[in-house]
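Each remark here refers to the structure printed beneath this line.
This chain uses plain numbering: 1 for the first residue, then up along the sequence. Worth saying up front: this structure is predicted, and the values here are computed from it rather than measured.
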Amino acid sequence: MSPTPAKLALIGFGAFGQLIAAHLPPHLRVHVIDPDPAAQSAALARGLCPAGIEVVGDCDWVLLAVPLGALRPVLHQIAPLLRPGAVVMDVVSVKEEPARLMQDVLPEHVELLATHPLFGPQSARTRLAGAKVALCPLRGRRWRAVAVVLRRAGLRVLRMTPQDHDREAAVGQAIVHYLARAMEEFAIPRAVTTRSFDQLVAALALVRNDPPEVAAAVLQGNLHAPAVGRRLAAAIAAQARGDAPTA
């Protein structure tokens, strides 16, 4: 079988699904599965093929660009349709729960790859090359073909376990979301700012406008995030009290 399949089912065509579609290899035949009429119109405008869920059975790759809360029902919907050897991938911002769901719900005859593109419509607006994507192979070997395609697109591929991903993401992602929401309590100064503050505000703006389901996955879907949030709050409170920093 060719390492690059001919057909891919892209389930979910919101902002992130559209971003993914814009960077897929041009020779792939991409079927967009999304019941929203606006999403179907957007797919047609990009020269893609809107389709019903049954097309999953004719695809080699299935890419789930849906929120964590929608993942379980979608998996149950596609489970009886998947062809043997198909590769099913998700792009949820956390990995332990999607990995568990895919392994529990989907049949043994399909391969599974949990992924997390470490970029979004805001941060990848102008450039994708050099961005990172985490790959967590769960079942099968064809994830290596996915990695090859991603590297050809200029992405940095990070292989890790879902557990390692979520532990690191609790710091690397959740802290940014916590700070972005905390900054909503303050009016941004118009004049008296430093360059470092301006850069901080710009960085937090990248996640402030994320859809609610993204923040929910990062902050509630990651089992390690609450402890990191409490530690962050305690550290800030200690600094506000003037306590000496801890080692």
Side-chain angles (χ1 to χ4, degrees), residues 12-23 38 42 65-69 91-98 115-135 150 153-158 160 164-247:
F13 206 62
F16 196 78
Q18 293 177 37
L19 174 65
I20 293 172
H23 295 282
V66 299
L68 178 59
V91 293
V92 178
S93 298
V94 294
K95 294 276 62 82
E96 289 185 83
E97 181 63 5
T115 85
H116 179 201
L118 295 164
F119 54 86
Q122 294 292 326
S123 59
R125 241 180 340 195
T126 58
R127 189 168 183 268
L128 190 60
K132 295 181 288 187
V133 56
L135 299 186
L150 295 173
L155 292 168
R156 293 173 56 197
V157 174
L158 311 173
M160 57 184 59
D164 286 342
H165 172 279
D166 283 7
R167 277 192 289 268
E168 291 197 20
V171 176
Q173 275 192 295
I175 283 180
V176 178
H177 281 264
Y178 282 130
L179 291 176
R181 276 140 193 81
M183 283 297 294
E184 293 174 0
E185 299 294 322
F186 300 90
I188 303 300
R190 296 183 178 181
V192 185
T193 65
T194 62
R195 184 177 180 184
S196 58
F197 180 82
D198 293 338
Q199 291 175 337
L200 175 63
V201 170
L204 298 181
L206 294 176
V207 302
R208 186 177 298 119
N209 296 322
D210 279 347
E213 58 267 21
V214 173
V218 171
L219 299 179
Q220 284 87 50
N222 188 335
L223 299 178
H224 309 278
V228 168
R230 291 190 294 271
R231 185 177 175 186
L232 174 64
I236 293 174
Q239 291 299 314
R241 292 192 303 268
D243 295 351
T246 57

Could you check Leu179 against Leu232 for side-chain contact (heavy atoms from CB on, under 4.5 Å), going step by step and ending with a plain yes or no? CA-CA 9 Å; Leu179 291 176; Leu232 174 64; 4.3 Å; yes

Going by heavy atoms in the side chains, are Ser196 and Asp198 under 4.5 Å from each other? no

Is the shortest heavy-atom distance from the side chain of Ile175 to the side chain of Val228 under 4.5 Å? yes

Just do the side-chain hydrogen bond (donor to acceptor under 3.5 Å, both in side chains) check on Glu168 and His224 with the steps written out, would you? CA-CA 9 Å; Glu168 291 197 20; His224 309 278; over 6 Å; no

Taking every non-hydrogen atom, the tightest pair across [X] and [Y]:
{"X": "Leu223", "Y": "Pro226", "value": "O-CD, 3.6 Å"}
{"X": "Val92", "Y": "Pro67", "value": "CG2-C, 4.5 Å"}
{"X": "Phe16", "Y": "Gly120", "value": "CE1-CA, 4.0 Å"}
{"X": "Val218", "Y": "Gln173", "value": "CG2-NE2, 3.8 Å"}
{"X": "Phe13", "Y": "Ala21", "value": "CE1-CB, 3.7 Å"}
{"X": "Arg208", "Y": "Ala180", "value": "NE-O, 4.0 Å"}

Backbone of Ala225 reached by a side-chain donor or acceptor of Tyr178 within 3.5 Å: yes

Within the distance-only criterion (no hydrogens, no angle test), does the side chain of Asp166 pair as donor or acceptor with the backbone N or O of Asn222 below 3.5 angstrom? no

Let's go through Phe119 and Lys132 carefully: what are the C-alpha distance in whole Å and the side-chain angles of both, what is the deciding distance for side-chain contact (heavy atoms from CB on, under 4.5 Å) to 0.1 Å, and is it a yes or a no? CA-CA 7 Å; Phe119 54 86; Lys132 295 181 288 187; over 6 Å; no

d(Lys95 NZ, Leu68 CG) to nearest 0.5 Å is 8.5 Å

Rounded distance (nearest 0.5 Å) linking atom CG of Leu155 with atom CG of Leu135: 9.5 Å

Per-pair distances, 0.1 Å, donor-acceptor, side chain in residues 183-191, under 3.5 Å, sequence neighbours excluded:
none

Hey, mind stepping through Leu118 and Arg156 against side-chain contact (heavy atoms from CB on, under 4.5 Å) and telling me if it holds? CA-CA 10 Å; Leu118 295 164; Arg156 293 173 56 197; over 6 Å; no

Please list, chain by chain and in numerical order, all residues satisfying side-chain hydrogen bond (donor to acceptor under 3.5 Å, both in side chains) with Arg167, sequence neighbours excluded. Asp164

Side chain to side chain contact (heavy atoms under 4.5 Å, CB included) partner of Ser93, chosen from His177, Glu213, His165, His116: His116

